Protein chains: 2
Amino acid sequence: MKKEKELYRKFLRSKNLKLTKPRLIIMEAVFENHDHFNVDDLYEQIKKKHKNVSRATIYRTVPLLVESGLIKQSLRCESKDIYEHTYGHENHLHFICINCGKIIESGFNEVANLIDKLAEAKGFKISEYNLGARGLCKNCKKNKE
Amino acid sequence: MKKEKELYRKFLRSKNLKLTKPRLIIMEAVFENHDHFNVDDLYEQIKKKHKNVSRATIYRTVPLLVESGLIKQSLRCESKDIYEHTYGHENHLHFICINCGKIIESGFNEVANLIDKLAEAKGFKISEYNLGARGLCKNCKKNKE
DNA sequence: ACTTTATTGAGAATGAATCTCAAAATCACC
DNA sequence: GGTGATTTTGAGATTCATTCTCAATAAAGT
Ligand SMILES: [Mn+2]
Ligand SMILES: [Mn+2]
Ligand SMILES: [Zn+2]
Ligand SMILES: [Zn+2]
């Protein structure tokens with residue numbers, strides 16, 4: 001069985017939650033591709049194969065996936081919360097193009113190490129990094145010249 | 001005249017926008033304290049002194065203040081956009097306590113330098129940094145032990 | 001299979017943010 | 001300091017992502 005499914009199962013068990021069909025379908029859909037997604041994207045993707053999974057259930061399941069550590073809430077885009085899976089996807093930071101919306105991912109460790117030091121100095125215990133910047137991507141920068 | 005007012009006036013001029021009473025009241029309210037704020041906070045604060053400034057006008061004015069560079073959009077908290085002024089307040093990063101909601105500000109330059117290098121490697125031109133982490137503040141960490 | 005209990009789908013409700021429009025204010029010009 | 005073209009405003013309506021409600025359904029321990 002896929003490793004993420006196993007972890008999910010264990011997580012649900014540990015919280016006394018049932019492993020239902022919708023919960024499984026949603027989790028599998030999340031791991032079908034490697035893009036950032038919002039609830040509506042996920043709903044449309046799932047609807048193609050499974051007619052009976054409601055938006056409400058997706059809205060209820062996504063926080064479980066976050067709590068399980070399989071996905072994390074990422075940027076916000078067009079007033080929608082967006083997510084990405086963390087399992088099988090190294091920590092990284094985001095450069096978002098304010099002109100075309102493109103998301104560029106980049107390294108992380110050096111930055112995280114530095115942030116760790118700053119946090120430690122404040123007695124702060126980090127559980128989730130949130131690192132990035134907005135600006136112009138290579139293409140859009142060129143086109144503006 | 002306060003420097004920020006002068007900058008604001010120039011900004012509005014440059015965009016052919018009028019310097020109206022509500023726009024001035026809102027801008028002054030923003031600089032009355034140094035906290036992070038959301039539109040509702042601002043509305044309540046303004047209402048104490050000025051009865052006739054509407055929420056709609058605040059919602060319309062805040063993006064102008066952002067565009068002028070006097071304030072910037074910051075974290076999101078309790079599903080509301082929150083802002084802080086940048087003018088007269090050095091760039092910094094945020095540690096947000098997931099237990100009590102406290103916001104701790106910390107240094108910036110070292111981190112920004114590092115991010116600049118990463119962005120440059122991707123041909124990305126940064127216009128706004130977004131740096132921080134979520135976790136437990138000193139107090140909450142202690143109380144959990 | 002039975003029973004308890006959690007979960008679901010559908011649609012209603014919420015609430016932050018945006019939009020509409022008639023009335024009021026600004027300001028360039030005299 | 002009046003006039004008039006043009007913006008801006010306040011109040012309320014509207015939008016739309018997210019959350020909630022509740023009767024019907026499904027999970028899983030026995
Ligand atoms: Mn990513
Ligand atoms: Mn701050
Ligand atoms: Zn771009
Ligand atoms: Zn705390």
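Bear in mind the structure is a predicted one, so any value in this text is a computation, not a measurement. A, B, ... follow the sequence lines: proteins, then strands. Residue 1 opens every chain.
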What nucleotide among C:dG11, D:dA17, C:dT8 has an atom nearest to a side-chain atom of A:Thr20? C:dT8
Between atom OH in A:Tyr59 and atom P in C:dG9, what is the gap in whole Å? 15 Å
Check every atom of D:dG29, D:dG10, D:dT18 against the side chain of B:Val53 and return the nucleotide holding the closest atom. D:dG10
Using atom CZ of A:Arg23 as one end and atom P of D:dA28 as the other, report the distance to the nearest whole Å. 9 Å
What's the CD1-P distance between A:Ile26 and C:dT7, to the nearest Å? 13 Å
Between C:dA23 atom P and B:Lys21 atom NZ, what is the distance in whole Å? 20 Å
Whole Å only: how far is the CG atom of A:Asn16 from the P atom of C:dT7? 9 Å
How close or far is atom P of D:dA17 from atom CD of A:Glu44, stated in whole angstroms? 12 Å
Within the modelled atom types, does a donor on one side and an acceptor on the other bring the side chain of A:Arg60 and the base of C:dG9 under 3.5 Å apart? yes
For this output row, return yes or no: ring centroids of B:Tyr83 and B:His36 closer than 6.0 angstrom. no
Toward the 5' end of DNA chain C, by each residue's nearest nucleotide, B:Pro63 or B:Leu19: B:Pro63
Rounded to whole Å, please give me the gap between CZ in B:Arg55 and P in D:dT14. 19 Å
Has A:Asp35 got a side-chain atom pairing as donor or acceptor with A:Phe37's backbone, closer than 3.5 angstrom? no
Any ion pair linking A:Lys80 and A:Asp41 (charged N to carboxylate O, less than 4.0 Å)? no
Proximal nucleotide (of C:dG9, D:dG10, D:dT6) relative to the B:Lys18 side chain: D:dT6
Please compare A:Glu78 and B:Ile58 by the position of their nearest nucleotide in DNA chain D and report the one closer to 5'. B:Ile58
Using a strict 4.0 Å threshold on nitrogen-to-oxygen distance, state whether A:Lys125 and A:Glu120 make a salt bridge. no
So which one's nearest nucleotide on DNA chain C is more toward 5', A:Ser54 or B:Asp81? A:Ser54
Short question: side chain of A:Thr86, backbone of A:Gly69 - any donor-acceptor pair under 3.5 Å? yes
Using whole Å, what does the distance between atom P of nucleotide D:dG10 and atom CD1 of B:Ile46 come to? 10 Å
Tell me which nucleotide among C:dA25, C:dC19, C:dA17 gets nearest to the side chain of B:Ala56. C:dC19
Ignoring hydrogens and angles, are the base of D:dT18 and the side chain of A:Lys80 linked by a donor-acceptor pair under 3.5 Å? no
